[in-house]
Enquirer: 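Handing you this structure, nothing more for now.
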Amino acid sequence: MIVQNVVATITLVGIGLVAAGFIHIIIQAGKPADADATSKSAQTAHTLQKWLFVALFLVFIGGSWATLAQFPIAPQHSTLDVKQVVDVVGRQWSWQITPSVLQAGSPVEFRVTSADVNHGFAIYAPDGRIETQTQAMPGYTNKLVYTFEHPGTYTVQCLEYCGLGHAPMKATFQVVAAKGE
Ligand code: CUA
């Protein structure tokens with residue numbers, strides 16, 4: 001909600017700046033050109049452009065690093081060193097999840113595929129909040145690695161419209177406390 005407000009404010013300020021630019025041009029449009037002033041303002045524009053480019057480049061590098069440093073998607077083409085492996089098959093309109101009892105506190109690798117059309121494999125915590133998700137696609141196995149912090153009954157819901165039975169396409173699995181706790 002707060003992020004939305006920040007984005008809305010930035011958008012409105014941006015629209016305001018563009019509008020101010022247009023109004024400035026409309027006001028200046030009727031005035032005769034002065035050679036000195038023109039070359040001076042061209043120089044200023046050139047300098048501004050240079051610094052704007054440098055600033056945007058730094059923002060781009062910083063933003064890319066900040067958002068990609070902890071890439072949340074597991075490597076798809078290598079063998080992952082994860083002890084708990086769960087096979088998931090989505091089909092119209094059910095989920096096959098094996099095994100259906102997992103342990104909290106250590107990573108789980110979900111290998112998710114589909115027997116027919118695209119489905120959305122989304123895991124909801126016992127309190128109804130979405131925890132993580134990936135696509136279930138025919139012909140592909142998407143790997144999703146996730147560590148459950150809390151034991152409980154988790155619900156899987158389909159997030160991709162897949163036909164008449166899409167809405168009730170649900171399943172549950174159990175997460176139990178790790179052994180030795
Ligand atoms: Cu499966 Cu919607």
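One-based numbering, in listed order, for ligands and for the atoms of each.
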Enquirer: Would you indicate whether the side-chain heavy atoms of Ile123 and Tyr146 approach each other to under 4.5 Å?
Expert: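 No, their side chains stay 4.5 Å or more apart.
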Enquirer: Closest N/O/S atom of His119 to atom 1 (Cu) of ligand 1, by atom name?
Expert: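 Per the distance ranking, His119 contributes ND1 as its closest N/O/S atom to atom 1 (Cu) of ligand 1.
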Enquirer: Does any donor atom in the side chain of Glu160 or Gln135 lie under 3.5 Å from an acceptor atom in the other side chain?
Expert: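 Looking only at side-chain atoms, Gln135 and Glu160 do form a donor-acceptor pair, the distance falling under 3.5 Å.
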Enquirer: Does Arg111 pair with Glu109 as a salt bridge, N-O distance under 4.0 Å?
Expert: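 Yes.
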Enquirer: With respect to atom 1 (Cu) of ligand 1, please indicate if Gln92 possesses an N, O or S atom at a distance under 2.8 Å.
Expert: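 Coordinating: no.
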Enquirer: Would you say Cys158 has an N, O or S atom lying under 2.8 Å from atom 2 (Cu) of ligand 1?
Expert: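 Of the N, O and S atoms in Cys158, at least one lies under 2.8 Å from atom 2 (Cu) of ligand 1, which means yes.
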Enquirer: Looking only at heavy atoms, which two atoms of Arg91 and Val89 are closest? And how far apart?
Expert: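 Smallest interatomic distance, heavy atoms only, reads NH2-CG1, 3.7 Å.
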Enquirer: Working to 10°, measure the angle at atom 2 (Cu) of ligand 1 formed by atom SG of Cys162 and atom ND1 of His166.
Expert: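 Reported to 10°, the angle equals 130°.
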Enquirer: Does any donor atom in the side chain of Glu131 or Tyr154 lie under 3.5 Å from an acceptor atom in the other side chain?
Expert: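 Short answer, no.
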Enquirer: Return the name of the atom in Glu160, of element N, O or S, nearest to atom 2 (Cu) of ligand 1.
Expert: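 Output for this pair reads O.
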